[in-house]
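Just so you know, residue 1 is the first one in the sequence shown, and it goes up from there.
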Amino acid sequence: MFPRRRAPSPDGGTGRLPARAHGTARPMILCVLLLLGATAGLRAALPPMGLLPAAITDPATARADYVEQCAGCHGVAGSAAPARLPELRGRVGWFFCTPAARAYLIRLPNVAHSRIKDNQQLADMMNFVVFGLGGASAPRGTAPFTAEEVARERLHPLSTTALRAERARHVDAAIRQCSAPASLRLLYPGQQG
């Protein structure tokens with residue numbers, strides 16, 4: 001019906017960027033390349049992923065659930081450093097050292113109150129976290145979480161006010177009883193005061 005009017009283009013119809021855009025494009029591209037390089041360097045420093053137990057009914061769903069439920073804070077690869085959050089990669093398996101620390105992982109508020117209501121699905125996700133992201137930190141012969149264990153422990157969620165003290169207690173037990181590294185007291189390796 002009516003002819004469409006086009007807005008004037010910033011290049012005046014020449015197809016080339018204005019001179020002022022050339023001055024900002026190169027530094028921006030350089031920053032992006034440096035950021036990508038720094039990210040690749042951080043990934044190379046992470047411990048390797050561990051083998052997943054056969055008890056995980058669907059490993060792809062377990063990983064996807066982790067990404068959806070946990071990775072926003074803990075990072076897709078289990079490392080959100082230097083954010084002041086516990087690093088999971090190569091470390092979380094130490095919490096399988098004692099029955100109380102094992103229960104602590106399920107009783108964490110974001111786990112116990114997870115939108116994942118199916119206990120087997122939540123057990124699978126947590127097994128991905130402990131065995132996949134935790135890698136060699138999980139003690140040999142450790143049994144994976146079960147749906148029954150998840151159902152029992154998620155009924156007793158921790159309060160957010162007790163998380164720091166509770167984590168410290170379980171970390172100290174893992175260091176004392178299972179020879180976990182003292183660096184586990186830090187939220188992430190290299191953490192400064």
Side-chain angles (χ1 to χ4, degrees), residues 39-40 42-98 100-139 142-171 174 180 183-191:
T39 302
L42 288 173
R43 289 177 189 260
L46 293 174
M49 291 277 291
L51 297 175
L52 298 177
I56 296 180
T57 55
D58 184 351
T61 298
R63 184 182 192 290
D65 285 341
Y66 167 78
V67 169
E68 185 179 319
Q69 303 290 320
C70 311
C73 295
H74 290 284
V76 173
S79 176
R84 297 191 58 80
L85 293 163
E87 181 163 314
L88 304 174
R89 189 73 171 259
R91 302 167 52 124
V92 69
W94 289 109
F95 285 86
F96 267 34
C97 175
T98 68
R102 181 183 173 108
Y104 161 82
L105 291 178
I106 300 300
R107 296 177 68 206
L108 288 165
N110 288 348
V111 177
H113 297 301
S114 171
R115 290 186 303 198
I116 299 172
K117 298 304 176 200
D118 181 88
N119 291 320
Q120 183 60 57
Q121 187 178 351
L122 187 58
D124 287 350
M125 183 193 79
M126 291 304 293
N127 286 325
F128 170 80
V129 169
V130 171
F131 294 99
L133 296 176
S137 67
T142 299
F145 284 119
T146 65
E148 294 78 22
E149 180 179 18
V150 168
R152 181 180 65 247
E153 296 302 337
R154 76 189 306 188
L155 293 174
H156 309 285
L158 297 168
S159 73
T160 55
T161 57
L163 289 181
R164 249 178 234 243
E166 191 74 11
R167 181 183 187 280
R169 188 169 66 84
H170 296 301
V171 165
S183 64
L184 194 60
R185 287 188 176 104
L186 304 174
L187 293 177
Y188 55 90
Q191 176 187 359

**Request:** Could you check if a side-chain atom of L122 sits within less than 4.5 angstrom of a side-chain atom of V111, using non-hydrogen atoms only?
**Result:** yes
**Item:** Heavy-atom side-chain proximity of P189 to R91 below 4.5 angstrom
**Value:** yes
**Prompt:** Can you name the closest pair of heavy atoms from V92 and G134 and give their distance?
**Reply:** CG1-CA, 3.7 Å
**Asked** Which heavy-atom pair separates A112 from P157 by the least distance, and what is that distance?
**Response** CB-CB, 3.6 Å
**Asked** What residue among R154, E148, E153 forms side-chain hydrogen bond (donor to acceptor under 3.5 Å, both in side chains) with N119?
**Response** R154
**Asked** Checking side chain to side chain contact (heavy atoms under 4.5 Å, CB included) for the pair L133/M49: CA distance, chi angles, key distance, verdict?
**Response** CA-CA 5 Å; L133 296 176; M49 291 277 291; 3.6 Å; yes
**Asked** Is L163 close to P109 at the side-chain level, that is, under 4.5 Å between some pair of heavy atoms?
**Response** yes
**Request:** Could you pull out the closest heavy-atom pair between G190 and L186, with the gap in Å?
**Result:** N-CD1, 4.2 Å
**Asked** Out of curiosity, T146 OG1 to Q120 CD, how far, rounded to the nearest 0.5 Å?
**Response** 7.5 Å
**H170 and Y104 aromatic ring geometry - parallel, tilted or perpendicular at 30°/60° bounds** = tilted
**Asked** What heavy-atom pair brings A174 and C97 nearest, and what distance separates the two atoms?
**Response** CA-SG, 3.9 Å
**Request:** Report the distance from atom CZ of F145 to atom CZ of R102, rounding to the nearest 0.5 Å.
**Result:** 5.5 Å
**Asked** In Å, rounded to the nearest 0.5 Å, how long is the span from CE of M125 to SG of C70?
**Response** 4.0 Å
**Fill in**
Of all heavy-atom pairs linking A143 and F96, the shortest is O-CE2, 3.4 Å
**Asked** Looking only at heavy atoms, which two atoms of F128 and A62 are closest? And how far apart?
**Response** CB-CB, 4.0 Å
**Complete:** When D65, D124, L88 are each screened for side chain to side chain contact (heavy atoms under 4.5 Å, CB included) with V129, the one that passes is L88
**Message:** Would the distance check show the side chain of R89 and the main-chain N or O of A77 forming a donor-acceptor pair, the cut-off being under 3.5 Å?
**Reply:** yes
**Request:** Could you grab the distance from atom CD of Q69 to atom CG of N110, nearest 0.5 Å is fine?
**Result:** 9.0 Å
**Asked** Heavy-atom count around R63 CZ within 6.0 Å, excluding the residue itself: above 12?
**Response** no
**Asked** How many angstroms lie between atom CE of M126 and atom CD1 of I106, to the nearest 0.5 angstrom?
**Response** 4.5 Å
**Message:** Donor-acceptor pair, distance only, cut-off 3.5 Å: does the side chain of H74 make one with the backbone of A80?
**Reply:** no
**Message:** So F131 and T142, do their side chains get closer than 4.5 Å, heavy atoms only?
**Reply:** yes
**Item:** Q191 (side chain) donor-acceptor with L187 (main chain) under 3.5 angstrom
**Value:** yes
**Request:** For atom CG of L51, decide whether the heavy atoms of other residues, nucleotides or ligands shown that lie under 6.0 angstrom number more than 12.
**Result:** no
**Item:** Pairwise distance CG(L105) to CG(L158) - rounded to 0.5 angstrom
**Value:** 10.0 Å
